[in-house]
Structure formats: C-alpha cells, structure tokens
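Following: one structure in structure tokens, then a few remarks.
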Number of protein chains: 2
Amino acid sequence: MLTRTAIAPINAKELSRRLPRPGQDINTIMGAVELMGVRMSYARNEEVFGQGEAAEYIYKVVSGAVRICKILDDGRRQVIAFHMPGEIFGLEVEEDHRFSAEAITDAVILVVKRSTVLALAARDGHIANQLWALTTQDLQRVQNHMLVLGCMNAKQKVATFLLQMAKRRCTSDEIELPMPRQDIADYLGLTIETVSRTMTQLENAAAIGMTTSRRIVLRDRAALVQLNA
Amino acid sequence: MLTRTAIAPINAKELSRRLPRPGQDINTIMGAVELMGVRMSYARNEEVFGQGEAAEYIYKVVSGAVRICKILDDGRRQVIAFHMPGEIFGLEVEEDHRFSAEAITDAVILVVKRSTVLALAARDGHIANQLWALTTQDLQRVQNHMLVLGCMNAKQKVATFLLQMAKRRCTSDEIELPMPRQDIADYLGLTIETVSRTMTQLENAAAIGMTTSRRIVLRDRAALVQLNA
DNA sequence: CGATCGCTTGATTCCGATCAACAGGAGTGG
DNA sequence: CCACTCCTGTTGATCGGAATCAAGCGATCG
C-alpha cells in the first residue's frame, strides 16, 4: 500500500527562535530547506510528483533514493536521474514538472514550497546564485550522461554507472544499489537482461563482486575506469 | 585557413549615448549582449573555445551555426548541442569550459565578457533570473535529447532531429542543414552511414525530400511525428 | 504451499556498426 | 581547359552486440 505521511511540520514563525545549527544556515538553500522543510514519508514506488503536475514544491532527499523519469507514449521509459540523500530535486523554472519523480525505496523527503524559496532568492542574490548553481549541477550531470548514452557500449555504461554510484555514496568500494535492474537499464538505455549479463561478465572478469544482486564490491577499479578510456 | 576577425568592437562609453533599439534593451541578457557584444568572425570548423579553457566570455550566434561537443579519450565524439542564430552559448557557472565549441559554417558571433554579464546580474535580479532561465533552457534541451539517445532507434532519431531543426529554423517545411552528416551522427549517437541510409529510407517512404544532401523538405510531417509515438 | 517478484541465463533475431567501394562536386594547379 | 585531389555523401556486404523471446531460480509474502 502506498502511504505518504507528514512527519514533522515546522511552524514558520518558530524558525527565527531556533538557534542556527551546522548545515542549517538560512542563507543557503540547503540550510533553508533543512529549516523550513516538512518531512514527508514515501513508500517504495510511490510517486512524489508526476509529469505535467504544477511544480509547487522543491524536495531534498533525507533518506532513501528517488528516480526522475519520463514515460514515452509507447511505454518506453527513460530514467533521467537518480537522487541520493542530501540532494535537492524537483526544482523547475517553469510552472510544471516535465518529468515524474518516484521513491525507489521507502524514503523520507524534505518538502518546501517553491514560492518560498523563490521569494528568498528574490531578496538574496546569494540564494538566487545557489538556485542557478543547482540547475547548473543538474545540467552537468545530464550532459555527462549524454556521453554515456551516445558513445558507450553496454560494458562501459555499466562500469561507468557503478563508479558513479560509488563516488556519490562515498562508501569506499562497497555499494548498496537502492534501485532494481530495470531502473538501471532504463537509465543506461539498455535492457534488463543486458544489464544483468554485463554485471555477471564484470564479476567473472573479477572487476566486481556481488554479495547479493544489490550489494556490489568494486574489486578492480582500474579495470572499470579503463573501460571508458 | 582559419581566420578570426573582430568586425565592430563597440566602445562601452558610447553605449549610454545609443538610442534603445528593438531587442537591445540593457535590462535583458539578449539586449545587453547585442549592445555590448563584439562581433567576431569565425571560419568554418574554427574553434570558438576549447575543452578546459577558461570561460572568459559568453557568446551569441548572429549568423552561421555552432556545435558544442566533447571528444573522448579514444577519439569518439559526442555533439552535445547545436546553436543557431539568436541563441546564446558558452555560459558557465564554473571557471572552465567543459566542452568545446566550433563554427559549423563561417559564422559571425557576438562576444561579451562573462565578468561583465555577471556584474550586471549581481546588480539586477532580473538579469540573474534570465541567466538562470538560459541554463534551464539548456537543461531542458539536453534532457529531451536524453530521451532520443536512450529510447529511440535510428529512424526515430533522424525524424526527431529533422522536426527539431524545422521547428528552430521556423522555415515552414524546407530546411537547410548547416552541418555535415558526421555532426548529425555524433549528435544522435549513430554512424554517418546509418544517418545517410536512414535519410534515404525516409525519402523513399515519401516522408521527406532531398533537393541536395543539405536541403531537406518535410513532405509528410505526420509520418515523421508518428515515428516517435 | 502456491504465487509473485526480481534476477539470471540461454537461444535466436535483428538493427546498426564496420569495412569497403564509389559517385559527385569544389577547389587547385598545370 | 582538363586532370587531379580532397571532401562529403551514398550504397553494398558482412559482422557483431544488444534486443527479444523464453525459461528457470531463489526469495519473499500472503
């Protein structure tokens, strides 16, 4: 069953009384979201927002993971991006969301009114700059992903993906993939079978180890890096 | 031979004396670039800026066309975007260009100091907003292109590309492609042969007509649109 | 316990890449 | 002017990687 629950709504008037805590600086987007955000809980596979919906809020992942995706008319799906804890998503300049966002696992997400953030940005050039920087970061990620989609073969795609995940999770060489194979496939422009086969190949080549299908150990980073050389 | 020539540098002090003309409002990015920009001339295939170079300027295409691309270590190339007359490119938040830009045809390009524009943005929230909007527009284009690269087959890719070009050039149903087949191929994640073959197929299917290899007539838009359904 | 779900593996097909040749201009120089 | 080369684009033949179709396996759950 899908459940969405507000956990700890914060009274706006209470904000000024709060002492600043690390990472909760009202002069940064991240801090502002922490301070003003309402914690919401989403079940696995629950939609956070849908294609075409009004972009009323912006979001920050507290725990769990989120996928941004687009379903084409014929049912094919492209996963545009994954978002991990600490990352902001759903920021739009226009009024509507162009993609949908879904919780990959059960997730806790901070939700803030977009209008509130835009009002902050209008008063404070630094905040406005940070919004721009967030968009730029998204742009860079997507541009990098274009190289993956346009230039790489299956093995290179999967290797790049695993390295990317390891980097973002900062957990040295052991990664816990929150998403199923189908999400990885739709992210990399492959089929689920090809993703599965390729990971088996990488395991047989001793480049990675798989404790379970979701727990991956990077055994030979050099080999993985060399693939996208 | 590659030539780069400044055509009509504009004295900054002279700006205030100029009467505002249509599209030359100092309160818009576009207008500011028109007013402050130095017209530069680039020869076909000349580099406007290179990967890793300092992002000192931002650019607006006056005439001709520009490709933004990335060369991978092994020589493969991904064309990230094409820029047509009227469009701004080369805007970066960070200090360096992550991609290179090259003139596809002989081109005239307005060049403005990035620092000048950023200074304008710091004083004027509207300008800052427009910078953000420009980045957002790039982001949306690239996100759309991800769907092309990740989900479509060759025929769909080429059809989508042609429709896109027709839309941007606003020349009803006849388009003059400024770029060679190789650029299209690297943009769509295909080979030059596949692009060529696919266009021939579309011609045989009476979906398009080719006066020359660069002049395309869209004969059956419905058929083209239906391909990416 | 059967049922469903996520993943893997096998067999076969097919689309696009690759290798190769050629055609039509455009520009160059004798 | 023609012969030449260079460049771009087209076409053909073949190959290979990923998609597709199909089956099976282990885990979780009602």
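The sequence lines fix the lettering, A, B, ..., with proteins before strands; numbering per chain opens at 1.
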Protein-nucleotides 13-16 of chain C N/O pairs closer than 3.5 Å?
| unit_1 | atom_1 | unit_2 | atom_2 | d |
| --- | --- | --- | --- | --- |
| dG16(C) | OP1 | Ala154(B) | N | 2.6 |

Is a salt bridge present between [X] and [Y], judged by a nitrogen-to-oxygen distance below 4.0 Å?
X	Y	answer
Arg169(A)	Glu176(A)	no
Asp183(B)	Arg77(B)	yes
Arg114(B)	Glu95(B)	yes
Glu56(B)	Lys113(B)	yes

Rounded to the nearest Å, what distance is computed from the [atom1] atom of residue [X] to the [atom2] atom of nucleotide [N]?
X	N	atom1	atom2	result
Arg197(B)	dC19(C)	CZ	C1'	11 Å
Asp183(A)	dC5(C)	CG	P	16 Å
Asp74(B)	dA17(C)	CG	P	15 Å
Glu193(B)	dC19(C)	CD	P	10 Å
Gln182(A)	dC7(C)	CD	C1'	11 Å

Check your understanding: How far apart are the C-alpha atoms of Asn144(A) and Gln140(A), what are their side-chain angles, what is the distance that settles it, and do they pass the side chain to side chain donor-acceptor pair (under 3.5 Å) test?
Key -> CA-CA 6 Å; Asn144(A) 286 336; Gln140(A) 292 184 358; over 6 Å; no
Exercise for review: Report the relative orientation of the aromatic rings in His97(A) and Tyr59(A); use parallel for angles under 30°, tilted for 30 to 60°, perpendicular for over 60°.
Suggested key: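 Rings of His97(A) and Tyr59(A): tilted, as their planes differ by 30° to 60°.
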Review point. Aromatic rings Tyr187(B) and Phe82(B): how do their planes relate, parallel, tilted or perpendicular, breaks at 30° and 60°?
Key: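 Correct class here is tilted.
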Exercise for review: Provide the start and end nucleotides, 5' to 3', of the part of DNA chain D that has atoms under 4.0 Å from heavy atoms of chain B.
Suggested key: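 Boundary nucleotides touching chain B, in 5' to 3' order, are dT8(D) to dA13(D).
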Exercise for review: May I ask you to list the residues of residues 198-219 of chain A, by number, that have any heavy atom positioned under 4.0 Å from an atom of DNA chain D?
Suggested key: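 None, since no heavy atom is under 4.0 Å.
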Practice item. Look only at the side chain of Glu47(A) and the backbone of Ser100(A), and say whether a donor-acceptor pair between them is shorter than 3.5 Å. Key: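 The answer is no, because no donor-acceptor pair under 3.5 Å joins these two groups.
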**Study point:** Flag, side chain of Ser196(A) to backbone of Ile192(A), donor-acceptor distance under 3.5 Å
**Key:**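 Checked: no pair found.
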**Study point:** Intermediate values then yes/no, side chain to side chain contact (heavy atoms under 4.5 Å, CB included), Arg168(A) and Glu87(A)
**Key:** CA-CA 10 Å; Arg168(A) 283 167 75 179; Glu87(A) 297 178 2; 2.9 Å; yes
Review point. Is it true that atom NZ of Lys155(A) has more than 12 heavy atoms of other residues, nucleotides or ligands lying nearer than 6.0 Å?
Key: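 Counting other residues, nucleotides and ligands, NZ of Lys155(A) stays at 12 neighbours or fewer.
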